[in-house]
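What follows is a short report on a single structure.
By convention here, the first residue in the shown sequence is residue 1. As the structure is a computational prediction, the values presented were derived from the model and not from experiment.
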Amino acid sequence: MNQVFKIVEVGTRRYRVRTPLGGLDDTQLKSGNAAVVRQQMTVPQQLHKLLTGSSISRIQEETKAQIRVSHGDTIELEGSVGEVAAAKKRIQKVIDEGTQTIPYTHFISLPIGDSDVQRRVGVFQSEVK
């Protein structure tokens, strides 16, 4: 679910004002009032271990987006549209690289005599890799 906010500056203070989705036009985005977007990204909880505190801190520093990892399968991202998009790409890259190095935990041994079963096992193997 996306929530869009508008940053309104009053004197020296900045306030987030909730706006309906699509409520900001290009002139508002280009002026000093940048939109703040809050998005959720689904990452299975078993893969949260790949997102260490240092990797999250580094992504936040580089993208300027705020990242909150919950106890469920969701990760909340908050920032401008570009910041959130960049953070999503970086998180996905960390997840993709991390899943390549996860060791196998199970071994399956099946006697295969039928050619159709052999073909389907081959398809399964290529999808798992």
Side-chain angles (χ1 to χ4, degrees):
M1 177 169 88
N2 294 338
Q3 296 177 354
V4 177
F5 296 88
K6 177 179 172 183
I7 302 296
V8 178
E9 293 186 27
V10 178
T12 60
R13 303 196 47 107
R14 296 173 73 192
Y15 299 94
R16 277 193 306 182
V17 179
R18 184 174 295 172
T19 61
L21 282 176
L24 298 175
D25 58 16
D26 289 337
T27 58
Q28 289 172 313
L29 290 175
K30 290 177 185 173
S31 69
N33 299 332
V36 175
V37 178
R38 183 178 295 158
Q39 291 185 352
Q40 292 183 346
M41 181 177 183
T42 302
V43 175
Q45 190 171 5
Q46 297 84 351
L47 299 177
H48 285 197
K49 64 184 175 187
L50 299 173
L51 298 168
T52 61
S54 61
S55 67
I56 291 293
S57 296
R58 188 174 59 249
I59 293 170
Q60 287 184 130
E61 281 181 25
E62 293 172 359
T63 64
K64 306 297 185 228
Q66 294 298 313
I67 302 169
R68 284 179 290 289
V69 179
S70 68
H71 293 292
D73 288 347
T74 59
I75 295 176
E76 291 185 5
L77 306 163
E78 184 176 336
S80 71
V81 175
E83 293 168 350
V84 168
K88 277 180 130 176
K89 283 183 184 179
R90 295 292 310 274
I91 290 171
Q92 191 60 52
K93 182 179 177 183
V94 169
I95 296 296
D96 291 344
E97 289 173 355
T99 54
Q100 297 297 319
T101 60
I102 294 176
Y104 293 109
T105 58
H106 295 79
F107 175 76
I108 299 175
S109 176
L110 302 170
I112 301 173
D114 185 39
S115 62
D116 185 47
V117 173
Q118 289 175 355
R119 183 189 59 77
R120 289 196 278 168
V121 167
V123 169
F124 169 75
Q125 287 174 332
S126 64
E127 288 176 359
V128 168
K129 292 180 183 177

Rounded to the nearest 0.5 Å, how far apart are [atom1] of [X] and [atom2] of [Y]?
X: I75; Y: I91; atom1: CD1; atom2: CD1; result: 5.0 Å
X: R120; Y: Q125; atom1: CZ; atom2: CD; result: 14.0 Å
X: M41; Y: L77; atom1: CE; atom2: CG; result: 7.0 Å
X: Q39; Y: E76; atom1: CD; atom2: CD; result: 11.5 Å
X: Q40; Y: T74; atom1: CD; atom2: OG1; result: 5.0 Å

Has the side chain of [X] got a donor or acceptor atom that lies under 3.5 Å from a matching backbone atom of [Y]?
X: Q60; Y: I67; result: yes
X: D73; Y: T42; result: no
X: H48; Y: V69; result: no

Could you work out, with side chain to side chain contact (heavy atoms under 4.5 Å, CB included) as the rule, every residue matching [X], not counting sequence neighbours?
X: T99; answer: L47, L50, I95, I102
X: T52; answer: S54, S55
X: V128; answer: F124
X: R119; answer: D116, V123

For this session: Sequence neighbours left out, what pairs pass salt bridge (charged side-chain N to carboxylate O under 4.0 Å, His left out) with at least one residue falling in residues 93-113?
Result: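 Pairs touching residues 93-113 that pass the test: none.
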Problem set entry | Minimal non-hydrogen separation, E83 against A65, with atom names | O-CB, 3.7 Å
Exercise. Which atom pair, heavy atoms only, marks the closest approach of Q66 to R68?
Worked result: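 Heavy atoms only, the tightest pair is CB-NH1, 4.0 Å.
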For this session: Determine whether V84 and T63 make a side-chain contact, defined as any pair of heavy atoms from C-beta on separated by less than 4.5 Å.
Result: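 The answer is no; the side chains never approach within 4.5 Å.
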Problem set entry | For R58, all residues meeting side-chain hydrogen bond (donor to acceptor under 3.5 Å, both in side chains), sequence neighbours excluded |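 With neighbours one apart ignored, the set is empty.
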